[in-house]
Amino acid sequence: MESFAIKFPDRLKLTDDEFYEFCRENEHVRMEKNSKGEVIIMAPTGGNTGRINKNILFELESWNRKTGLGETFDSSTGFALSNGATRSPDASWIAGKL
């Protein structure tokens, strides 16, 4: 998957709330934010990658349903990280119930 970064001047760094609003206004574009505050624009995955990601999420959810240890999320979910980045992994799991 190809991606490119849009760099903002330091005085225009987006807060987490502003980044969320920016993403909502541009729902047709898949975006993440790195720890430098750059917005990463990503192309859609191809069929092979999509199939692999679907299988990973299926296995993760199957395991989680058996164990009941947490919550799973798909690649559309953005997570605000402690380094200031907002990332959307292909599949994710968080311990505990939300």
Side-chain angles (χ1 to χ4, degrees):
M1 172 174 37
E2 292 187 39
S3 64
F4 64 92
I6 298 174
K7 299 176 184 181
F8 293 93
D10 286 338
R11 69 185 189 293
L12 296 178
K13 296 291 186 209
L14 298 174
T15 66
D16 288 341
D17 289 340
E18 290 168 334
F19 177 67
Y20 177 75
E21 184 179 343
F22 182 66
C23 291
R24 298 284 299 165
E25 290 292 325
N26 297 280
E27 289 181 347
H28 59 287
V29 180
R30 186 165 178 216
M31 294 181 266
E32 293 181 343
K33 183 176 65 152
N34 67 21
S35 61
K36 298 179 207 172
E38 299 169 340
V39 174
I40 310 297
I41 306 296
M42 298 174 297
T45 62
N48 190 47
T49 300
R51 188 176 68 251
I52 291 167
N53 291 349
K54 178 256 313 171
N55 290 336
I56 292 168
L57 183 57
F58 174 80
E59 294 295 335
L60 187 60
E61 177 62 20
S62 294
W63 169 81
N64 191 60
R65 285 182 184 205
K66 289 175 189 171
T67 65
L69 295 175
E71 298 285 342
T72 59
F73 301 89
D74 72 358
S75 62
S76 299
T77 308
F79 293 92
L81 305 178
S82 60
N83 68 357
T86 300
R87 296 293 189 166
S88 300
D90 295 334
S92 52
W93 175 83
I94 294 178
K97 296 292 181 188
L98 302 181

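One-based numbering along the sequence shown. Values below: all heavy atoms of this structure, side chains included; hydrogens, waters and symmetry mates excluded. Treat the numbers as computed from the prediction; the structure is a model and nothing was measured.
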Roughly how far, to the nearest 0.5 Å, is the [atom2] atom of [Y] from the [atom1] atom of [X]?
X   : Y   : atom1 : atom2 : result
N55 : D90 : CG    : CG    : 12.0 Å
W63 : W93 : CH2   : CH2   : 4.0 Å
K7  : N34 : NZ    : CG    : 9.5 Å
I41 : I6  : CD1   : CD1   : 4.0 Å
R87 : M31 : CZ    : CE    : 13.5 Å
T45 : I52 : OG1   : CD1   : 9.5 Å

Say whether, by atom type as modelled, one donor and one acceptor occur between the side chain of K13 and the main chain of F8 under 3.5 angstrom.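 Present.
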Ignoring hydrogens and angles, tell me if any N or O in the side chain of E32 forms a donor-acceptor pair with the backbone of S88 under 3.5 Å.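 Answer holds: yes.
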Minimum heavy-atom distance [X]-[Y], with the two atoms named:
X   : Y   : answer
I40 : A5  : CD1-CB, 3.6 Å
A80 : D16 : CB-OD2, 3.9 Å
N64 : L69 : OD1-N, 3.7 Å
F73 : L57 : O-CD1, 3.5 Å
L60 : S92 : CD2-O, 3.5 Å

Does the side chain of K54 come within less than 4.5 Å of R51's, by heavy atoms?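 Yes. Closest side-chain heavy atoms under 4.5 Å.
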Indicate, with yes or no, if L14 and V29 share a hydrophobic cluster defined by side-chain heavy-atom contacts under 4.5 Å among Ile, Leu, Val, Met, Phe, Trp and Tyr.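 Yes.
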Please enumerate all residues that pass salt bridge (charged side-chain N to carboxylate O under 4.0 Å, His left out) together with R65, with sequence neighbours excluded. E61
Is it the case that atom CD in E18 sees more than 12 heavy atoms from other parts of the structure closer than 6.0 Å? yes
